[in-house]
Structures are given as structure tokens and as C-alpha cells.
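Below is one structure; the comments refer to it alone.
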Amino acid sequence: MNKYHLITFGCQMNQSDAERMETILQGMGFLPTEKKEEADIILITTCSVRQSAEDRVYGLARNLNKLKKKNSRLLIGVTGCMAGRDTDGKIKKRLSSFVDLFFPAHDMTHLPVMIAEKWPDISLNNSCVQDYLTINPNYHVKYKAYVTIQTGCNKFCSYCVVPYARGREACRSVKDILTEIKGLAANGCLEVTLLGQAVNNYIATDPESFSKNNPYHDHFAALLWEINQIPGLKRLHYTAAYPNHMTDEVIDALNLPLQVNYLHLPAQSGDNEILRRMNRRHTREQYLEIVEKIKAKRPGIALGTDLIVGFCGETEVQFEHTVDLFRQCDFDISYHARYSTRSGTLAAKVFKDDVSKEEKRRRWRKVQDLMVETTMRKNQKYQGQIVSVLVDRCEDGVCWGNTNEMKLASFPGTPDLIGKIVNMEVERADVWVLFGKKK
Ligand code: SF4
């Protein structure tokens, strides 16, 4: 029996793609293995967000190639963003001595054919589907799932490889999405996270599938409303939202019953000139206005963001505008990147990466310290409150999971609670975890 081993880097979209590849491989009769030494095929789903992420893959492929000494049949494949953005073939060439298969994620539909070309002894029982998003992911747990509703991106932020790696924005049909989520809910799924690069710019290919009594006209808000009608689901989450597409209707939909009490809204910078250079379609003022509307509609919502420090030409004053934006928005969580040039992007072509490494590190530290201080202060407010926790794991009598605000929580408990939503009274809060007891 052939065995496969998957290695996945990067975002939840990559996770979801890897789950789709599992469906294909299992459809071919392959079995999963945790041990790469036992595998006949190893597939690496890659991330290109930073050069260091790509460098890791070159080293990994070289090391995995050594396993071929013991198993000459072993196939090593690379997919994901590195394959997607390799328009000039340089990445493929660099990996060619170690890697047998190299394909962008959407070409996974051809995986059976690609494997059969290498192993003529296997028979093909899969017919290729055109759209890889119609492949149902092989979900590892029953109680929560990532559901991709959109792939690719048309925004072309000047620092970002995604539009090159994943192509232009394309959305799944309402019918497909609802069928998938209804199936998940019927099977015990409690929490669904909708995935897309600018997820709230969802444009339905079949708007006639929306219910007649759906109160929204904005397609994303209308989709959220439809999902809210599915029995059994308890939580609905989406990522990543693009500021300009937080329309009044999408903001209104934050109050739908299943919506988690958290929104991730990448700002990237708090300075208008830097935002312009980043080719973001929003200004600082527009971002602040959207945050104000969100907080007015759903007071107490936890807000998260992404920020890049040290972008090309960023002055101290411009960086301070980002710090100030952070203070004004009072984010619950923020993910910080020190800018690094990605080949093929607009920023790599037209701007100079002229902020020194030391300065980037200092700016990163400053905003990171601010986030730690803010998160700590905000988490303290949960002390004495009851929060709901979807339990993910239990080790040595301690359960771990996420609250409705997407904060990590922990309490003494037993493994039978895994996959259940449990009320917890918060007794102690630190920066990264709310600790408490089951209520
Ligand atoms: Fe990249 Fe911008 Fe698209 Fe996000 S919105 S995936 S940062 S191009």
C-alpha cells in the first residue's frame, strides 16, 4: 500500500489545500503516514510570504532527497506559493535535483496523472475535475473546518506575492459553499472559518441561489446570512477581511447570531504615503472610520490586524503614524512583519528596501511591545467573566481551545471535552492565554 506524508507551511489557505490533496491521495488508495521515512510520496505545500520561508524549503527538499537512498520509489513534490509564483522557472530549476513534482495548488487536480507518469504500475481511477475548489477537503477534525470561498487576489498590494502565486480572484458558488457547510454541520461541525484573500469581496457566481427573504444585497453579507440559517453550527468566522469591503451591510452582519466576537482586519500601515506605496486601497482615515463603525455596531468585539514595519522609504514619522493607528484602534492582537523584498512584486521593481535591518528590528520591537502591553490590559478585563471555549486538545488534565474572541483559553478538564463548546470562568489572564475553570 502506498503511503503519503504532507508537510505544510504558511496560512490556513495552504492548510485547506493540503486537506484537498489528501482527499485526492486517499481516493487513489494511499494511506497517510506521520513518518516521512515510511512515505512513498512527500508533498510540501509552500509559503512565499518571506524569503526565509522559501529558503527553508530548499534545505528541506535537499534533506528529503536523501531518503531516496532507502526508497528509490519515493516521489517528492512541491506545491503552493513557490510553484504558483515561479513564472520564470527559476525556482523549479533550483529545486529540480531534489524534487519530482512541481505544481501550483490549482493543478492538484492533475496529481493522479502526474503520479501515474512517474509510477506506470498504478492504475488511475480518478477523473480530473476542472476546479480544484470543488474537491472536498479531508477534514482532520469533525468540530471545526476551514472553508475556502475565494481564491487568488486582484488587489496587487505592492509587497505581496499572492496575486502572482495564486492568480486572479475567483469565487465559489453560493450553492457549493452552502452544500459543503450543511454537510459539515450535519456531521457535527460547530465552527466554520471562511477563507479568502479579500474574503469580504466575495462575489457570488450564482446570486439567484440566495434566499428570497435574505435581507442583504452585498454578496458577502448575504452569504453570512445564509450560513447563519444552517442548523447545528455554533460559530462563524472569516479571514482575511479587506478594509474597503467592510460595507455597511457586512458590518451589520457582524451582529448575526453565529458571528464570532472577533474580526481580523489587516491595516498594514497607519501612514497614508506608505499605504499609497503599498498600493493599499484605503487611507488611514478610512480605516479608522471603518473601525469606529464596527465598534459602534458590535461593542466589545475583539479586533486583530497585520502590520508591516520598515517598508521601503518608511521614515520615523511615518512609522509613528502606524504606532498611533494601533493606539487608536486598540487592537486585541496584531501580527507584525519586518518588510522583506519579494522578487516579482511591484515594490521589488520600483522601490528601494532602504530601512536598515537594525531599524526594522527596533520598529518591530516597539510595536510588538505595544501589542503585548495592550493585549495584557485587554485580557485582564475578562477576569471573572464567563467565556465560551471550543476545546481543541487536552493534555495532562488540561484542556485548551479558543474563545469566541479567538483568544487561547485553558482550564482543567478531561479529553471527552475535545470538540465541545464549554463555558469557562476566567480566573487569570496573561498576554497569550486566559486561564480559568469550567462552569
Ligand atoms: Fe496580498 Fe493585498 Fe491580496 Fe492581501 S489583499 S493577498 S496583501 S495583494
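Positions are given from 1 along the sequence. Atoms within each ligand, like the ligands themselves, are counted from 1 in listed order.
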*Which atoms from ligand 1 have a heavy atom of Q197 less than 4.0 Å away?*
6 (S)

*Can you tell which part of F156 has a heavy atom less than 4.0 Å from ligand 1: side chain, backbone, both or neither?*
backbone

*Report, as yes or no, whether the 6.0 Å neighbourhood of atom NZ on K92 holds more than 12 heavy atoms from other residues, nucleotides or ligands.*
no

*Verdict with supporting geometry, R85 and E54, salt bridge (Lys or Arg N to Asp or Glu O under 4.0 Å)*: CA-CA 12 Å; R85 78 183 197 92; E54 291 196 350; 2.8 Å; yes

*Answer yes if the ring centres of Y164 and F156 are under 6.0 angstrom apart, and no otherwise.*
yes

*Determine, using heavy atoms of P163 and all atoms of ligand 1, whether some pair is separated by less than 4.0 Å.*
yes

*asked:* Strictly under 2.8 Å, is atom 2 (Fe) of ligand 1 approached by any N, O or S atom of C153?
replied: no

*asked:* Checking E359 against R363 for the salt bridge (Lys or Arg N to Asp or Glu O under 4.0 Å) test, could you report, in this order, the C-alpha distance in whole Å, the side-chain angles of both residues, the deciding distance, and whether it holds?
replied: CA-CA 6 Å; E359 186 54 22; R363 292 179 190 179; 2.9 Å; yes

*Among all protein non-hydrogen atoms, which one is nearest to atom 1 (Fe) of ligand 1, and what is the separation to 0.1 Å?*
C160 SG, 2.3 Å

*Evaluate the ring planes of Y159 and F311, with Trp represented by its six-membered ring, and classify them as parallel (under 30°), tilted (30 to 60°) or perpendicular (over 60°).*
perpendicular

*What is the closest protein heavy atom to atom 7 (S) of ligand 1, and at what distance does it sit?*
Y159 OH, 3.4 Å

_Candidate pair R166 and D17, rule salt bridge (Lys or Arg N to Asp or Glu O under 4.0 Å), full reasoning_ = CA-CA 12 Å; R166 288 192 169 268; D17 284 348; 2.8 Å; yes

*Examine all N, O or S atoms of C157, backbone included, and report whether one is under 2.8 Å from atom 1 (Fe) of ligand 1.*
no

